[in-house]
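To start, the structure itself, in structure tokens.
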Amino acid sequence: MSGETEEITQALQLGVYVEELGRQAEIASRFLTRAWLRAMRTETDTHDTMVWGDLQASLFACIVIQRMLQPGAAFRHPEATRAQRQQRLKERSQQLNDILQLDDDFPVLKVREIRNAFEHFDEGLDALVLAGRSSLVDWHISKDGLSMRTPPGQEGPVLQALRAFHPAAGTLHFGDLLLDLFSMDCALLQLRDERVPRALKELEAKSATGPKFFGASQLIHLVPPEQVEPRLDQWLKVREEIGHAVPYHPAK
């Protein structure tokens, strides 16, 4: 990721971040679409874990995008102070927003609040317990757009709703939080298909001249080869013993 001049080096480095944004946009849109298609099927259960698993995968990819474009606190690094790292995040995110022509209204940047609520579900549940809520509706795929709630101001036991997905309307809910999935998906596709290719073309033009430098390398084993088959056999054996065998047939 370095070249003959500072401009070439910066273009090469920024291109890696831009490519990753395109990759994460594809992941986020693909899993969101798969969740929506499954949720829209009549036979899909209203608590289907595959739908929720795909939604969570999409949220994870979206938060990767958001953190690259709107970074939070920097992690410690032995080569720089926290202040230096924070400044680096600020400069790099600004460069990405500029070359991709994005602003704060980009729909993917609205994912943080509801994604954090999903990640910290236990704390949301703690809040309901501390508030003395009597019952809970959660993990609900609303095919008819309805959700059980206790009317505001009604006395007596209170029913609280947390996670809900309304596929026909393209909305994801956590309590009173709402995320417009349709707008987010269109923004993801635009990022992948238009903004990222345009930015890469611009960066390629800046880095096309002059030599590039590559570090010395060699192939290494991620896991010692003698450990691979025993690890696989042990995992397959345990799965089979507990009644969840994997239909895997190794090539002979």
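Only a predicted model underlies this, so the values are computations on that prediction, with no experimental measurement involved.
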Could you check whether atom [atom1] of [X] has more than 12 heavy atoms from other residues, nucleotides or ligands sitting under 6.0 Å from it?
{"X": "D122", "atom1": "CG", "value": "yes"}
{"X": "E43", "atom1": "CD", "value": "yes"}
{"X": "R85", "atom1": "CZ", "value": "yes"}
{"X": "E229", "atom1": "CD", "value": "no"}
{"X": "E113", "atom1": "CD", "value": "no"}
{"X": "M40", "atom1": "CE", "value": "yes"}
{"X": "Q87", "atom1": "CD", "value": "yes"}

Quick one: closest heavy-atom pair of [X] and [Y], and the distance?
{"X": "A11", "Y": "K206", "value": "CB-CB, 3.9 Å"}
{"X": "Q84", "Y": "A80", "value": "OE1-CA, 3.3 Å"}
{"X": "A25", "Y": "L188", "value": "CB-O, 3.6 Å"}
{"X": "A199", "Y": "V18", "value": "CB-CG1, 4.0 Å"}

Does [X] reach the side chain of [Y], with side-chain heavy atoms less than 4.5 Å apart?
{"X": "V137", "Y": "L162", "answer": "no"}
{"X": "S29", "Y": "R192", "answer": "no"}
{"X": "V108", "Y": "L102", "answer": "no"}

Less than 4.0 angstrom from a charged side-chain N to a carboxylate O is my criterion; do [X] and [Y] meet it?
{"X": "E202", "Y": "R198", "value": "no"}
{"X": "R23", "Y": "E20", "value": "yes"}
{"X": "R38", "Y": "D54", "value": "no"}

> Step by step, would you call W139 with F121 a side chain to side chain contact (heavy atoms under 4.5 Å, CB included)?
Replying inline: CA-CA 11 Å; W139 205 249; F121 166 78; over 6 Å; no
> Nearest 0.5 Å, what's the CG-CD distance between L12 and E204?
Replying inline: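 Between L12 CG and E204 CD, I get 10.0 Å after rounding to 0.5 Å.
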> How long is the span from the CD atom in Q13 to the CZ atom in R92, to the nearest 0.5 Å?
Replying inline: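 It is 11.0 Å, given to the nearest 0.5 Å.
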> Which is it for L191 and Q24 under the side chain to side chain contact (heavy atoms under 4.5 Å, CB included) test, yes or no, and what are the steps along the way?
Replying inline: CA-CA 10 Å; L191 178 63; Q24 293 297 329; over 6 Å; no
> F165 vs W52 aromatic rings, parallel, tilted or perpendicular, using cut-offs 30° and 60°?
Replying inline: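 Judged by the thresholds at 30° and 60°, the geometry between F165 and W52 is perpendicular.
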Under 3.5 Å donor-acceptor, [X] side chain and [Y] backbone:
{"X": "K90", "Y": "P71", "value": "no"}
{"X": "N97", "Y": "L69", "value": "yes"}
{"X": "Q66", "Y": "L109", "value": "yes"}
{"X": "Q227", "Y": "P224", "value": "no"}

>> Can you see whether Q10 engages E6 through a side-chain donor-acceptor pair at a distance of less than 3.5 angstrom?
In response: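 Looking only at side-chain atoms, E6 and Q10 do form a donor-acceptor pair, the distance falling under 3.5 Å.
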> Is it true that the side chains of Q190 and R195 contain a donor and an acceptor less than 3.5 Å apart?
Replying inline: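 There is such a pair between these side chains.
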